[in-house]
Amino acid sequence: GPTPWHQDQVYWPLDTDRTITMWMPLVDVPAEVGSMTFVSGSSRLGDLGNHDISDSSDGAVSELLAERDLALHTYGAVHAGDATFHAGWTLHRAGPNPTDRTREVMTVIWYADGARVVQPENDHQRFDLAMWLKGSEPGQVADGPRNPRLWPPDHGA
């Protein structure tokens, strides 16, 4: 099925919105399987309702698109190893997959160095705190074994 319209940023219990997501297919994704569609310029709109990825978010964003006449950009077919990148507030979705082939993808999320954990505001942020920032408390720098600092590398000095 499709991945409904959503903003990734609502999932992260961080004190920054300086975030970026990479979406990379691990298999070729023909146009009919459905790749990523983005709402152009939507990263500048900020939080549009704290919607999770659901039928509700899809309906709310569809209404917003109609009201504001916002432009869409769909990538169409992409190959294994191609990648798209988008900011955390960017509205995006993936179309339905009408085939019997699985649309296998990998995502990687980066956030600004020095970002701190905040008190989670919803169940999704509580989950991400427990899963990806395990052991981190609000106010602490958001780092750890599952979220190492990438640059400059820490050589134990």
Side-chain angles (χ1 to χ4, degrees), residues 1-26 29 34-76 78 81-97 103-154:
T3 301
W5 286 113
H6 66 282
Q7 295 175 299
D8 294 341
Q9 192 69 39
V10 301
Y11 284 81
W12 305 323
L14 300 173
D15 69 351
T16 184
D17 64 359
R18 293 180 53 209
T19 60
I20 191 165
T21 299
M22 176 193 72
W23 182 89
M24 180 175 40
L26 302 176
V29 178
S35 69
M36 296 291 280
T37 298
F38 298 95
V39 178
S40 298
S42 60
S43 63
R44 294 185 296 272
L45 300 175
D47 186 349
L48 295 172
N50 203 16
H51 297 287
D52 59 350
I53 302 172
S54 64
D55 291 342
S56 173
S57 70
D58 206 56
V61 172
S62 294
E63 286 179 25
L64 179 75
L65 294 175
E67 288 170 9
R68 298 192 186 184
D69 194 30
L70 299 169
L72 305 181
H73 181 79
T74 301
Y75 278 88
V78 289
D82 287 347
T84 64
F85 295 83
H86 60 275
W89 290 125
T90 302
L91 288 165
H92 61 286
R93 67 169 298 175
N97 178 359
R103 178 177 47 204
E104 296 174 346
V105 302
M106 176 179 76
T107 60
V108 177
I109 297 131
W110 289 273
Y111 52 85
D113 185 31
R116 295 189 177 276
V117 174
V118 298
Q119 188 67 42
E121 296 179 1
N122 57 50
D123 288 340
H124 303 294
Q125 289 184 1
R126 280 185 276 286
F127 176 82
D128 276 14
L129 178 60
M131 177 63 79
W132 305 112
L133 297 164
K134 194 173 191 168
S136 296
E137 296 291 331
Q140 291 181 324
V141 172
D143 64 4
R146 293 186 176 179
N147 292 282
R149 183 175 186 191
L150 298 179
W151 189 260
D154 181 9

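Residues: numbered from 1 along the sequence shown.
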Intermediate values then yes/no, side-chain contact (heavy atoms from CB on, under 4.5 Å), Val108 and Trp23: CA-CA 7 Å; Val108 177; Trp23 182 89; over 6 Å; no
Stepwise ring-ring contact (aromatic ring centres under 6.0 Å, His included) test for Tyr11 and Phe127: CA-CA 9 Å; Tyr11 284 81; Phe127 176 82; 9.2 Å; no
CA sep, side-chain torsions, deciding dist, call: Tyr111, Asn147, side-chain contact (heavy atoms from CB on, under 4.5 Å): CA-CA 10 Å; Tyr111 52 85; Asn147 292 282; 3.2 Å; yes
Worked check of side-chain contact (heavy atoms from CB on, under 4.5 Å) between Val78 and Met36: CA-CA 9 Å; Val78 289; Met36 296 291 280; over 6 Å; no
Working for side-chain contact (heavy atoms from CB on, under 4.5 Å), residues Leu70 and Leu45: CA-CA 11 Å; Leu70 299 169; Leu45 300 175; 4.2 Å; yes
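Residue His6 comes nearest to Ile53 through the heavy atom pair CG-CG1, 3.3 Å, listed as atom of the first residue, atom of the second, then distance. Arg116 and Gly139 make their closest contact through NH1-O, 2.8 Å (heavy atoms, listed as atom of the first residue, atom of the second, distance). Residues Arg103 and Gly95 approach most closely at NH1-O, 2.6 Å, considering heavy atoms. Of all heavy-atom pairs spanning Leu129 and Ser136, the tightest one is CD1-O, 3.6 Å. Gln125 approaches Pro120 most closely through the heavy-atom pair OE1-CA, 3.5 Å.
Here the CG-OG1 distance, from Asp58 to Thr3, works out to 10.0 Å after rounding to the nearest 0.5 Å. From Met24, atom CE reaches atom CZ of Phe85 across 8.0 Å, with rounding to the nearest 0.5 Å. Here CD of Gln119 is found 13.5 Å from CG of Asp15. Values are rounded to the nearest 0.5 Å. The distance from atom NZ of Lys134 to atom CG of Asp128, rounded to the nearest 0.5 Å, is 14.0 Å. Atom-to-atom distance recorded for Arg93:CZ and Ser35:OG is 11.0 Å, nearest 0.5 angstrom. With rounding to the nearest 0.5 angstrom, the CH2 atom of Trp5 is 5.0 Å from the CG atom of Leu72.
For the pair Leu48/Leu64, a side-chain contact is recorded, criterion being any heavy-atom separation below 4.5 Å from C-beta on. In this structure, the side chains of Tyr75 and Asp82 stay at 4.5 Å or more apart for every pair of heavy atoms. A heavy-atom distance below 4.5 Å is found between the side chains of Trp89 and Val10. Within the 4.5 Å cutoff, the side chain of Val105 has heavy atoms near those of the Pro25 side chain. Within the 4.5 Å cutoff, no side-chain heavy atoms of Asp47 are placed close to those of Gln9. Side-chain contact between Met106 and Met22 is present, with at least one heavy-atom pair separated by less than 4.5 Å. Between Val61 and Gln7, every side-chain heavy-atom pair lies at or beyond the 4.5 Å cut-off. Asp8 places none of its side-chain heavy atoms less than 4.5 Å from the side chain of Thr19.
Shown here is Arg126, whose CZ atom has more than 12 heavy atoms of other residues, nucleotides or ligands within 6.0 Å. Around CD of Glu121, the count of heavy atoms belonging to other residues, nucleotides or ligands within 6.0 Å does not exceed 12.
With hydrogens and angles disregarded, a donor-acceptor distance shorter than 3.5 Å links the side chain of His92 to the backbone of Thr90. Looking at Thr16, its side chain never comes within 3.5 Å of a backbone N or O of Ala112 through a donor-acceptor pair.
Ring pair Phe38/His86 is tilted by interplanar angle, where 30° to 60° counts as tilted.
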